[in-house]
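Computed from a predicted structure; not experimentally measured. All heavy atoms count here, side chains included; hydrogens, waters and symmetry mates do not.
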Amino acid sequence: MDLLEILFCFISWGDWLALFVSGCLGYLAGYYMPHGWPSILTTMLVSYHLFLVWLLFNAKHGLQTIKSFGYVASIHLACLVVIVSLGSGQLVVPHFDWVCTGIALLAYFERGWLFEPRYAVAAEAEEPIASSEEEYHEWLEYSARQGSAASDPGNSRKQEFEQWLRARRRAG
């Protein structure tokens, strides 16, 4: 598998085209700003936010945030700090402004950190499953054999048991 196949495996053609267009628009906006930091920041921030807006409005499934507003704002600000830090390379490397337009790819990861598809949350809101005492003891034996490495860090023991029970009933 070559590099292009890997790149297009994770990001669709439409998203790559939107990245290119947002990069060009960001570069154009930065071109009309005074030379130096205003130009660099405008290029990166315009292209980043245009691409982020594209990703949010063009999601295959509706997106929703399950985090608090403070969490979302702090992650977004942290991404902006990373963007501004990477933009300082313009002061050392000539023609780095073309690379700065590609920094908008960070928006792809920010969308994944902050939002999740609506169907994922709906799947978690399923009705509780009735279980027998035998199934619970089988799960205890199973979880003891697996150890703590198999458990998800954010899940309670009850959630792990319900996931195991659903998977078991789907399989058999």
For [X], enumerate each residue passing the side-chain contact (heavy atoms from CB on, under 4.5 Å) test, keeping only those at least two apart in sequence or located in another chain.
X: V84; value: W37, L41
X: H76; value: Y48, H49, L52, L80, E110
X: A73; value: F69
X: H137; value: E133, L140

[X] with [Y], same ILVMFWY side-chain cluster at under 4.5 Å:
X: V21; Y: L19; value: no
X: M44; Y: V53; value: no
X: L56; Y: L45; value: yes

Does W54 reach the side chain of L50, with side-chain heavy atoms less than 4.5 Å apart? no
How close do [X] and [Y] get, counting heavy atoms only, and between which atoms?
X: S39; Y: G30; answer: OG-O, 2.9 Å
X: S22; Y: S47; answer: O-CB, 3.2 Å
X: F51; Y: A107; answer: CD2-CB, 3.9 Å

Who clusters with M33? Use side-chain heavy atoms, under 4.5 angstrom, across I, L, V, M, F, W and Y, and order the result by chain and number. none
Considering only Ile, Leu, Val, Met, Phe, Trp and Tyr, and joining two whenever side-chain heavy atoms are under 4.5 Å apart, list the other residues clustered with Y32. L28, Y31
Using a 3.5 Å distance criterion without hydrogens, assess whether the side chain of T42 forms a donor-acceptor pair with backbone atoms of A29. no
Which distance, rounded to the nearest 0.5 Å, do you find between the CG of L77 and the CD1 of I83?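 Nearest 0.5 Å value for the CG-CD1 distance: 11.0 Å.
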